[in-house]
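Sequence lines set the chain letters: A, B, ... in the order given, protein chains first and strands last, and positions in each chain run from 1.
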Number of protein chains: 2
Amino acid sequence: MPRVADHDARHGQITDAVQRLIVRNGLTAVTVARTAAEAGMSVGLVQHYFTAKDEMLLATFTRVNERFTSRVDELVHRGEAEGCTIAEMLRQALTELMPLDDARRAELLVRRAFADTAAHNACLAAVQRETLVGIRSRVAQAIRNGTVCGEVGQGVDAAGQALQIVAFAEGLALHTHIDPDGTPDRAVLAALDDHLSRVFTGTCRHAQLG
Amino acid sequence: MPRVADHDARHGQITDAVQRLIVRNGLTAVTVARTAAEAGMSVGLVQHYFTAKDEMLLATFTRVNERFTSRVDELVHRGEAEGCTIAEMLRQALTELMPLDDARRAELLVRRAFADTAAHNACLAAVQRETLVGIRSRVAQAIRNGTVCGEVGQGVDAAGQALQIVAFAEGLALHTHIDPDGTPDRAVLAALDDHLSRVFTGTCRHAQLG
DNA sequence: CCGGTAGCAATATAGACGTACGGTTATAGC
DNA sequence: GCTATAACCGTACGTCTATATTGCTACCGG
């Protein structure tokens with residue numbers, strides 16, 4: 001009956017503001033007042049959409065992780081559409097996780113910012129864990145597909161190798177972020193290729209349409 | 001002339017208290033009042049040893065990172081004394097970085113707790129980076145030694161492989177920590193072995209003393 | 001066209017926090 | 001044994017924060 005507003009849009013405005021604040025000054029510096037200012041609205045309005053600050057932060061973290069996962073999915077789907085090999089698809093998807101531009105650096109920054117909080121909060125921990133196992137299971141499926149089509153050798157432990165690949169990618173992202181000078185972009189990409197080539201040792205039987 | 005106190009001991013008491021608080025409730029929950037209480041002293045005394053809270057946190061982070069690095073060194077030295085192969089030494093050292101018991105879980109927790117702050121504070125960032133490159137250069141040296149003695153093939157890029165190994169170990173530690181159920185201890189250790197065995201492919205020429 | 005509810009803003013409040021400060025105690029040097 | 005000074009304590013102060021509260025405004029349904 002009364003005037004209406006786009007709730008999703010508002011939530012997005014607020015969580016985006018939180019993200020920007022985290023990138024600029026860290027999670028510690030995020031206050032509802034500053035968030036409101038950054039989002040261009042009043043403190044009261046932020047409260048109207050998030051009853052408590054915790055909710056606001058949880059929503060932000062969830063949103064970032066969802067975007068993170070869906071970006072991987074998108075890459076995979078595009079790769080499938082274009083008839084890429086599985087190895088190539090995976091390579092692109094994992095490259096997407098590296099902090100090689102500002103946007104991805106920001107994303108990593110935000111995900112890392114919640115490390116402390118997530119370790120002592122069940123909700124945040126769940127989001128973090130689900131993101132991780134989500135990525136891992138996608139990689140595992142890719143490996144299983146590779147086994148079928150011939151890119152991956154028979155008898156390879158898909159889950160185990162997926163764990164290794166994702167852990168490796170995450171660690172690489174961390175190193176790049178902490179010590180960019182010591183890990184030039186091409187070294188990072190080369191390391192990724194190197195690791196993937198140890199799992200994807202064959203060529204696809206179906207990919208003979210050069 | 002006046003009464004004297006063991007400054008190092010006091011600093012240790014305080015930073016230990018900070019660590020315990022971080023493990024229990026997170027970095028966010030660390031206040032000087034709580035730290036004083038945890039350390040069994042007055043707020044004034046904490047101030048007497050650390051002018052500002054920032055100093056206190058920096059000292060804590062530095063201490064944890066030093067312990068972290070020196071633990072690796074210790075493992076390496078012990079390995080050398082016992083005549084282990086380089087691969088075996090490295091395996092033990094990297095295993096030491098995994099959160100497989102409470103002490104190491106706590107250490108990882110503390111190091112991760114500073115992720116957000118370190119990303120926006122030059123001093124903390126420096127400590128973090130130096131720890132990382134310190135570990136990495138030690139591993140690189142181990143690989144170079146391995147090349148000399150025959151455990152590692154000729155023409156292997158020591159720095160590049162060191163980056164890969166450490167990044168992998170760190171990523172593995174992270175996964176274990178975030179999703180312990182999905183990464184049982186033996187899977188983690190197996191993954192480590194698997195990765196190391198790809199670099200250490202030969203046997204030491206000198207190790208023929210049965 | 002009008003009443004009521006959601007959208008929105010401004011302010012009030014209560015608490016927690018870092019740090020400054022004044023005071024007390026104990027001891028090493030003379 | 002006196003004294004200067006470091007070790008140590010308790011508290012008060014100013015600031016910052018999350019949140020509760022109050023009130024105004026715009027608009028949909030009837």
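- The shortest distance between the side-chain N/O atoms of A:Arg10 and the OP1/OP2 oxygens of C:dC8 is below 4.0 Å.
- Relative to the side chain of A:Arg34, the nucleotides D:dC8, C:dC8, D:dT17 differ in distance, and D:dT17 lies closest.
- Rounding to the nearest 0.5 angstrom, the gap separating the CZ atom in A:Arg198 from the NE2 atom in B:His195 is 5.5 Å.
- Counting to the nearest Å, the P atom of C:dT19 and the OH atom of B:Tyr49 are 18 Å from each other.
- Taking the six-membered ring where tryptophan is involved, the planes of B:Phe61 and B:Phe114 are tilted, since the angle between them lies from 30° to 60°.
- Looking at which nucleotide of DNA chain D each of A:Ala52 and B:Gln47 is closest to, the 5′-most match is held by B:Gln47.
- Rounded to an integer number of Å, the gap from CG of A:Leu45 to C1' of D:dT19 is 15 Å.
- As judged by a 4.0 angstrom heavy-atom cut-off over every strand, B:Phe50 is placed among residues making no nucleic acid contact.
- Picking from C:dG7, D:dC9, D:dA7 the nucleotide with the shortest atom distance to the side chain of A:His7 gives C:dG7.
- Projected onto DNA chain D by closest heavy-atom contact, B:Ala5 and B:Val43 fall at different nucleotides, the more 5' of which corresponds to B:Ala5.
- Between B:Lys53 atom NZ and D:dC16 atom C1' the separation is 13 Å, expressed in whole Å.
- The shortest non-hydrogen separation linking B:Val23 to A:His120 is O-NE2, 3.0 Å.
- Taking atom CG of A:Asp54 as the reference point, atom C1' of D:dT19 lies 12 Å away to the nearest angstrom.
- The pair A:Arg129-B:Asp181 does not count as a salt bridge, with every side-chain nitrogen at least 4.0 angstrom from each carboxylate oxygen.
- One atom, CE of A:Met41, and another, C1' of C:dA6, lie 15 Å apart when rounded to the nearest Å.
- Atom-to-atom, NE2 of B:His48 to P of C:dA20 comes out at 14 Å; the value is rounded to the nearest Å.
- With hydrogens and angles left out, the side chain of B:Arg3 and the base of D:dA7 share a donor-acceptor pair within 3.5 Å.
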